[in-house]
Protein chains: 2
Amino acid sequence: MDEIFKKIGTTQTLSQKIERNIERAIREKKLPIGSKLPSERELCEMFAVSRTALREALRRLSARGLIEIKKGSGMVVTKIDMKDAIDSLNLYYDLKFDVNLISQIIELRLAFEPEIAKMAAQNRTDEDLKNLEANLVEFAKCDPDNTQLESDIDNKFHLCVARATGNPFVIVTMEPVHNLLPRMRNFIYANIEGEKEITLGYHKEIVNAIREQDAERAYEKMQAHLDRNMQVYNKFLKNT
Amino acid sequence: MDEIFKKIGTTQTLSQKIERNIERAIREKKLPIGSKLPSERELCEMFAVSRTALREALRRLSARGLIEIKKGSGMVVTKIDMKDAIDSLNLYYDLKFDVNLISQIIELRLAFEPEIAKMAAQNRTDEDLKNLEANLVEFAKCDPDNTQLESDIDNKFHLCVARATGNPFVIVTMEPVHNLLPRMRNFIYANIEGEKEITLGYHKEIVNAIREQDAERAYEKMQAHLDRNMQVYNKFLKNT
DNA sequence: TTTTTCGTGTTGTCATACAAATTTCTTTAT
DNA sequence: ATAAAGAAATTTGTATGACAACACGAAAAA
């Protein structure tokens, strides 16, 4: 009896079936990355469906970043990019964003970023170090009245640290979180006098630790830095 | 001069323009979550485009999880679900998976999961605790010869801990990582004699700490647990 | 009032045609 | 023979019209 009701919602449309079919072929590497898909006409014949249904399946696959469609040329299986994954996370976090989540974002940063600093100290390349040092210079000469730019550079610093871990999972995790920070800017960087110098001081110490590949010190400094941030945030919260 | 070449690839198709248009309306909450979109016919008139182009835009939006299309009924802006974000991460990690990434997955778990255990101890609800305890029972009475089931329950344990943090960012981060673990199973759980009892012991201690909301002990036990895992993994690596 | 039936609107699929971009081949000029 | 120019074929993008499959509500029947 219940089985009848279960079927509701499970009715796949034809184009969805086609989509799964092609997706499976890609996942199983039967269609290797970079390979050209058969043309629409050929696929229509193979699946014995109309061009409409096929195309709607293809549109979905391209929206999800599995294939790339070039007008007049053809379709290829794309090397799925980290950017695709980050984009969809951005979308999700963006739509979900809510002031109530701010404390959870801070909680996550407080928990993860010291560990990330540690990993960065262990795995950083010379190029990572160069990026971090460039960020310090940028931050130092940034107009202190331009709070927008200031917090952008600050965010970039933390992203650079995440990238210096060399661990793609860390990057995918933290990029969307940091993309959310500008929306918290008005809450946190509320024109606190002299805060910039303090922040810069912490950043310098973190970079020093990463330069010398001193994992424990990188951990501690990042923790101290974010603790300070937390305090500033709490001070603001009291004012509201 | 170069500007001419830059334009290559930026040529948006009509359906892409429509897609961005509707996406923007959703992001700006002009189309609130749960609201019904105008019918295809109406949208065609509004945008002054053919049904073909419009529908392809809609297919893309639904593939990305922004809208839900119900045959015969209509289209609604979906309350974007965590599942959508996790799904796309799963796809990315799945296609990217490579034995070389195993060490980075372990690295991430070693860095993050102790902190996660700490957060879980601080934030867990009674229901979280019940789930964790149920998992312990399940694990205990699991047939030790069924290594597949055994590692599934193990993974589930760590997911329960992540969920007990109550922090959605933590869950989104860890779910796809743990979905990858079954593919590492053969590498790690290579029929190590007596390993199950040791694992169960750690799990119990972690749950105890979470029950008593002892954050530091939860941290330490999780760290010890994963350190042990790491050793088992390294032992295997030597054998290859 | 309750149930059934039917009509209307909505999305799904099909077929055909042409536009626009790209590739391939042919022709032509050097 | 080689290279450039152009024509032809191929491929994706859009438009149009038609019908099928499904959902929902209103009207009709019990």
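By convention in this document, chain letters (A, B, ...) are assigned in the order of the sequence lines, proteins followed by strands, and residues within each chain are numbered from 1. The figures here come from the full heavy-atom set of this structure, side chains too, leaving out hydrogens, waters and symmetry mates.
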Give the rounded distance in Å between these two atoms: [atom1] of [X] and [atom2] of [N].
X	N	atom1	atom2	answer
A/Leu43	D/dT10	CG	P	17 Å
B/Glu45	C/dT10	CD	C1'	14 Å
B/Met75	D/dA23	CE	P	16 Å
A/Leu37	D/dT11	CG	P	13 Å
B/Ile67	C/dT10	CD1	P	15 Å
A/Arg41	D/dT10	CZ	C1'	8 Å

Mind checking side-chain contact (heavy atoms from CB on, under 4.5 Å) for A/Cys142 and listing every partner two or more places apart, or none if nothing turns up?
-> A/Leu149, A/Glu150, A/Ile153, A/Lys196
Side chain to side chain donor-acceptor pair (under 3.5 Å) assessment of B/His203 paired with B/Asp154 | CA-CA 9 Å; B/His203 283 195; B/Asp154 186 11; 3.1 Å; yes
Quick one: do the A/Gln148 and A/Asp152 side chains pair a donor with an acceptor below 3.5 Å?
-> yes
Is there a donor-acceptor contact under 3.5 Å linking the side chains of A/Asn123 and B/Glu107?
-> yes
Charged N to carboxylate O below 4.0 Å: is that the case for A/Asp128 and A/Arg163?
-> no
Qualifying residues under ring-ring contact (aromatic ring centres under 6.0 Å, His included), relative to A/Tyr92, sequence neighbours excluded | none
How would nucleotides 13-21 of chain D be written as a contact map, 5' to 3', with B for base contact, S for sugar-phosphate-only contact and - for no contact, using protein heavy atoms under 4.0 Å?
-> BBBB-B--B
